[in-house]
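Remember, predicted model here, so these are calculated numbers, not experimental data.
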Amino acid sequence: MHLMPAYGLALVVYLIAISWSQPILDLFGFRQAQTALSAYWLVRGAPFWSYITPVTGYPWSIPFEVPVYQLLVAEFAPGTSLIDIDRTGRVLSVGFFLAACALVYRVALLWSGDRRTALLCMGALLASPLMAFWSRAVMIESTALCLGIAFVWCLAEYARSPRWGWLVCAVPVACAGALVKITTFFGFAFFAAGAIAIQWMVAGDAAQRRRAAILAVYGSVAILLSLLSLKVWLLHADALKAQTLWGDSLGSSQLGGWNYGTWPQRLDVGFWRKVALSRSVRDGLGSPWLLPMALAIVLAARSTRIPGVLLFISYLMPFAVFTNLHQVHDYYQYANMVFATTLLALAIRNVADIPRVGSYLGALFVLLVCVLSWQHTWRRYVPEIASDMRSSREMRIASFLKQETDPGSVLLVLGLDWDAALPYYAERRAVMMPDWVGVDRFKALTASSRPFGGNAVGAVVRCPGATPADPERSSAIDALVERYSRGQQVHSVADCQVIVASREKKHE
C-alpha cells in the first residue's frame, strides 16, 4: 500500500522538475500569468487589499480573490525577477498540495481509525495526474484546496475530541477558504454538512447527538460568516474594478452567467457524460472506468456505502452549481477531485479486505492505478510541459518590447483578449482591449489617455482578430490605433503588428 504514495510523490517531483525552467504558459497559461502578474507587482510594493493586475487601465486594480497566495509568492521570492516569481509560485503550490495531502491523511485517520485507509486516501490523491499537474502551476488552486480540507479537518477533530478550540479555528479557516476561492470551498462546505448529517443519523446516544448538533450549529456559523466576508470583499472588489476602463465588465454580477452556466447546460446528458464522468475522471484518475468501478465496489460493502454516496455526491455537486466553469476549464476539477480519489482509496481497501486473496488483489489494484496514472500523465500532461513555450507569440513579442520600450511605459494591446501573459513577460503595465468590450470603451480611450495613468504609451500591439466585421467597431479600433501610433515605426513580430517609436524619436 506504500507504493501509491511513493509513486505520487515521485510524480509530483518529476513534473515540477521538468517545469522548473519553463515559462508558465502551458495549459491555461493566461490564468497562471494573471496570478503571477499580481505577485510581480506585490513584490514591487503594490497594496494588498487593492492589489493590481494591470491589464484594464489605470488605476489597475481588478481583484477577484483575496491574494493570499500571491502575497506569499511575493514574500518568499528570493529576488524580483520573473524566474524567481515563477519558481517560488511553483514551490508554494506544491507545498500547499502536500499540506492538503497530509490533512486528507489525518481526516481519513480520524474517520476510520485505520492507518492503512488513511495512507490509501493520501496516496490516491498524490497519484492523481490532474492533481500532480496543476499542483506545479502558478495558481491559487492548491491554496484553496488546503483551506477547504483544513475546514473539514477542524470539524473532524472536534467530532473525535470535543475541544472548543477546533470550532473556533474553523471560522477563520472557512472565511479564508471562501475569500481565496469560493468555488473550491463550496464542495468542502457541502461535504462537511453531509458528514455532520450522517453523524447525527448514526448517533448511538444523546451525547453523540449533542456533539453532532454543536457541529451543525458552529459549522453553519462558520459557513455563514465566510459568505458574509465574501460579500463584503466582492463589494470592495467590484468598486475597484469599476474605476478602470472596462473592469466593470468583470464584476461579480456580470460574471454570474459565466460562472454558473444555464439550466440547459445542467440538464444536458452530454455534459455529465463527457465532462463530469469522462474527461474529468480520465484526467483525475487516469481512466474514466476507475470511478464507476470504485463506486460499485464501495457501495457493495455496507461499512462504506454511506460514506461512498456522500463522496460521490460531493464530487458531482460542484458540476451542478458551477456548470459552465467546469465545462470550460479542466483545472476546476482540482477542487473536487479529492472526493473521487478518496472513493477510489476506499474501493482499494475493500478489495484488500477480501479473505485470502485480498492482499494480492489490493496490490494489483494499486499497481493498476499507478500504471493508468502514469500513462495518462505521459500522454496528456508531459507534452504540454515539454513544449517550446519560449517561441510562443507572447514570449516573442514580450522579448521585443522589453528591448524597445521604457520600463515605465504602458502597452496598448488589441487582439489578445485580456491575457496577462504579454504584460507579465514584458514586465510592463498594459491596457488590453478585448474584441468583446463595448465600442464606447474604444471611443473613450481614443478621446482620453487617462487609462494610461499619465504614463507614456510605449507600444501598440495589434494581433489578428482585433478588427471584427462590425463597421462601427472596426472604425473605432482603427481610430484608437491611429491615435496612439501616429508617426511610429511598425514592426512585424510573430503574426502581430508592434508599433513603437523609433530610437531617434525616443531620445529627441
**OP:** Any salt bridge (Lys or Arg N to Asp or Glu O under 4.0 Å) involving residues 227-240? Give me the pairs, sequence neighbours left out, ordered by first then second residue.
**Re:** none
Subject >> Pairs meeting criterion salt bridge (Lys or Arg N to Asp or Glu O under 4.0 Å) with involvement of residues 299-322, two or more places apart >> reply: none
Original post:
Do the side chains of Leu344 and Leu291 get nearer than 4.5 Å, heavy atoms only?
Top reply: no
Original post:
Which residue pairs pass the salt bridge (Lys or Arg N to Asp or Glu O under 4.0 Å) test with at least one member in residues 316-343, sequence neighbours excluded?
Top reply: Asp330-Arg380
Original post:
Who pairs with Asp86 by side chain to side chain donor-acceptor pair (under 3.5 Å), at least two apart in sequence or on another chain?
Top reply: Tyr424, Tyr425
Subject >> Atom OH of Tyr360: over 12 foreign heavy atoms under 6.0 Å >> reply: no
Subject >> Partner of Leu120 under side-chain contact (heavy atoms from CB on, under 4.5 Å), chosen from Arg115, Met4, His2 >> reply: Met4
Original post:
In terms of heavy-atom contacts, does CH2 of Trp378 have more than 12 from other residues, nucleotides or ligands at under 6.0 Å?
Top reply: no
**OP:** Using the ring pair (Phe, Tyr, Trp, His ring centres under 6.0 Å) rule, collect all pairs that involve residues 87-115, keeping only residues at least two apart or in two chains.
**Re:** none
Subject >> Which atom of Pro129 lies closest to which atom of Asp283, heavy atoms considered >> reply: CB-O, 3.4 Å
Subject >> All side chain to side chain donor-acceptor pair (under 3.5 Å) counterparts of Ser142, not counting sequence neighbours >> reply: none
Acceptor/donor pairs from residues 66-73 side chains to any protein atom, 3.5 angstrom cut, sequence neighbours excluded:
residue	atom	partner	partner atom	Å
Tyr69	OH	Gly89	O	2.7
Tyr69	OH	Ser93	OG	3.1
Gln70	NE2	Glu65	OE2	2.7

Original post:
Do you know the tightest heavy-atom contact between Glu394 and Ala421?
Top reply: CG-CB, 4.1 Å
Subject >> Considering all heavy atoms, the nearest Pro434-Trp246 contact >> reply: CD-CZ2, 3.5 Å
**OP:** Any salt bridge (Lys or Arg N to Asp or Glu O under 4.0 Å) involving residues 130-149? Give me the pairs, sequence neighbours left out, ordered by first then second residue.
**Re:** Asp26-Arg136, Glu141-Lys181
**OP:** Taking atom types as modelled, find out whether Gln208 and Gln199 have a side-chain donor-acceptor pair closer than 3.5 angstrom.
**Re:** no
Original post:
Does the side chain of Tyr332 pick up a donor-acceptor pair with the side chain of Ser280 at under 3.5 Å?
Top reply: no
Original post:
If every non-hydrogen atom of Phe151 is compared with every non-hydrogen atom of Ala192, which pair is closest and at what distance?
Top reply: CE2-CB, 3.9 Å
Subject >> Ile306, CD1: over 12 other non-hydrogen atoms inside 6.0 angstrom >> reply: no
Original post:
Does a side chain donor of either Tyr7 or Ser373 reach within less than 3.5 Å of an acceptor in the other side chain?
Top reply: yes
Original post:
Who pairs with Trp153 by side chain to side chain donor-acceptor pair (under 3.5 Å), at least two apart in sequence or on another chain?
Top reply: Glu157
Original post:
If you round to the nearest 0.5 Å, how far is CG of Leu361 from CG of Asn350?
Top reply: 12.5 Å
Subject >> All pairs passing ring pair (Phe, Tyr, Trp, His ring centres under 6.0 Å) where residues 268-317 contributes a residue, at least two apart >> reply: Tyr315-Phe319
**OP:** Measure the shortest side-chain to side-chain distance between Thr342 and Leu125 over non-hydrogen atoms and say whether it is less than 4.5 angstrom.
**Re:** no
Subject >> Sequence neighbours excluded, every pair satisfying ring pair (Phe, Tyr, Trp, His ring centres under 6.0 Å) that has a member inside residues 128-147 >> reply: Phe133-Tyr381, Trp134-Tyr331
Original post:
Heavy-atom distance under 4.5 Å between the side chains of Pro423 and Val55, does that happen here?
Top reply: yes
Subject >> Test item: side-chain donor near acceptor, Arg266 and Thr262, under 3.5 Å >> reply: no
Subject >> Pairs meeting criterion ring pair (Phe, Tyr, Trp, His ring centres under 6.0 Å) with involvement of residues 214-234, two or more places apart >> reply: Trp164-Tyr218, Trp233-His236
Original post:
Heavy atoms, side chains only, cut-off 4.5 Å: are Phe188 and Val338 in contact?
Top reply: yes
Original post:
Can you tell me how far CG of Leu109 sits from CZ of Arg106, rounded to the nearest 0.5 angstrom?
Top reply: 5.5 Å
Original post:
Got a donor-acceptor contact below 3.5 angstrom from the Gln243 side chain to the Leu240 backbone?
Top reply: no
Subject >> Nearest non-hydrogen partners of Thr341 and Ser128, listed with the distance >> reply: CG2-CB, 4.2 Å
**OP:** Could you tell me which non-hydrogen atom of Ala335 sits nearest to which non-hydrogen atom of Leu145, and how far apart they are?
**Re:** O-CD1, 4.3 Å
**OP:** Step through the shown structure and confirm whether more than 12 heavy atoms of other residues, nucleotides or ligands are within 6.0 Å of CZ on Phe30.
**Re:** yes
